[in-house]
Amino acid sequence: LAKTTQPISMDSYEGQEVNITCSHNNIATNDYITWYQQFPSQGPRFIIQGYKTKVKNEVASLFIPADRKSSTLSLPRVSLSDTAVYYCLVGDSQTGANNLFFGTGTRLTVIP
Amino acid sequence: DSGVTQTPKHLITATGQRVTLRCSPRSGDLSVYWYQQSLDQGLQFLIQYYNGEERAKGNILERFSAQQFPDLHSELNLSSLELGDSALYFCASSAIHRGQEGRTEAFFGQGTRLTVV
């Protein structure tokens, strides 16, 4: 199971773009990269998923370099409501069990 | 609304007691996951079921057990409760993409807040 490493915390001012990078050096060929957002006392919420290059949706963009050993979640023009913990996960194609192991995540604090 | 329903939302019980948490997955999802999240801690994976069978096990205590029923709902049983078991317990469900086992997106319920006194 590919392990992920991401910063424990980040601060940003409102209106700025925030980039959170995740390292996953042992990602397997068939693994996708998925990001979740969690607000206090709520269940994590799926944000975006990708395999390679760039993926974009109405909430965020996901950049994945060619070697796929890292990925960057980009949140455009953050607001106070984006304050949350962001988790990066990679798939579990090698065991086929579709495990979902969450690491420590990145606690993003948006400052007025 | 994620489509995953957990009951009850809140539960207060005494040490030594046993409780059952219930999860109804999204329609059509065969895989169910259980997580424990203590105050200001990360999500600890407990156990996963797929179509009624145990698929993966995390750091689940022997006092805890789970099962998934033929209608795909799942229950997490916690017994001999201790103060340290107080936490949010989340259930998630996911669809399995055939031939793309490395591609999983899960949908979480709102959790059950268990308080052991």
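Keep in mind it's a predicted model, so treat the numbers as computed, not measured. Each chain gets a letter, A, B and so on, in the order the sequences are listed, and its residues count up from 1.
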Given that the side chain runs from C-beta out, which part of Gln44(B) has a heavy atom under 4.5 Å from chain A: side chain, backbone, both or neither?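 Looking at Gln44(B), nothing touches chain A.
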Check each atom of Leu88(B) against the heavy atoms of chain A and say whether the ones under 4.5 Å are side chain, backbone, both or neither. side chain
Find out whether the Lys NZ or Arg CZ of Arg55(B) is both under 6.0 angstrom from the six-membered ring centre of Tyr49(B) and within 45° of the ring's axis. no
Over all atoms of both residues, closest heavy-atom pair of [X] and [Y]:
X        : Y        : value
Ser81(A) : Phe39(A) : O-CE2, 3.2 Å
Arg68(A) : Ala28(A) : NH2-O, 2.8 Å
Leu21(B) : Leu11(B) : CD2-CD2, 3.8 Å

Consider only side-chain N and O atoms of [X] and [Y], and report whether a donor and an acceptor are under 3.5 Å apart.
X        : Y        : result
Gln49(A) : Tyr32(A) : no
Gln38(A) : Tyr87(A) : yes
Gln67(B) : Ser74(B) : no

Considering only heavy atoms, give the residues of residues 40-48 of chain A separated from chain B by less than 4.5 Å, sorted numerically, with 'none' for an empty result.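 Within residues 40-48 of chain A, near chain B: Ser41(A), Gln42(A), Gly43(A), Pro44(A), Phe46(A).
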Examine whether an atom of Tyr51(A) lies under 4.5 Å from a heavy atom of chain B, and if so say whether it belongs to the side chain, the backbone or both; otherwise answer neither.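 When you check distances to chain B, no heavy atom of Tyr51(A) falls under 4.5 Å.
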Measuring heavy-atom distances to chain B, does Thr104(A) have an atom under 4.5 Å in its side chain, in its backbone, in both, or in neither? neither
With respect to chain A, which residue among Ala106(B), Gly42(B), Cys91(B), Gly58(B) yields the maximal number of heavy-atom pairs within a distance under 4.5 Å? Ala106(B)
Indicate, with yes or no, if the rings of Tyr36(A) and Phe102(A) have centres closer together than 6.0 Å.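 Ring-ring flag for Tyr36(A)/Phe102(A): true, centres closer than 6.0 Å.
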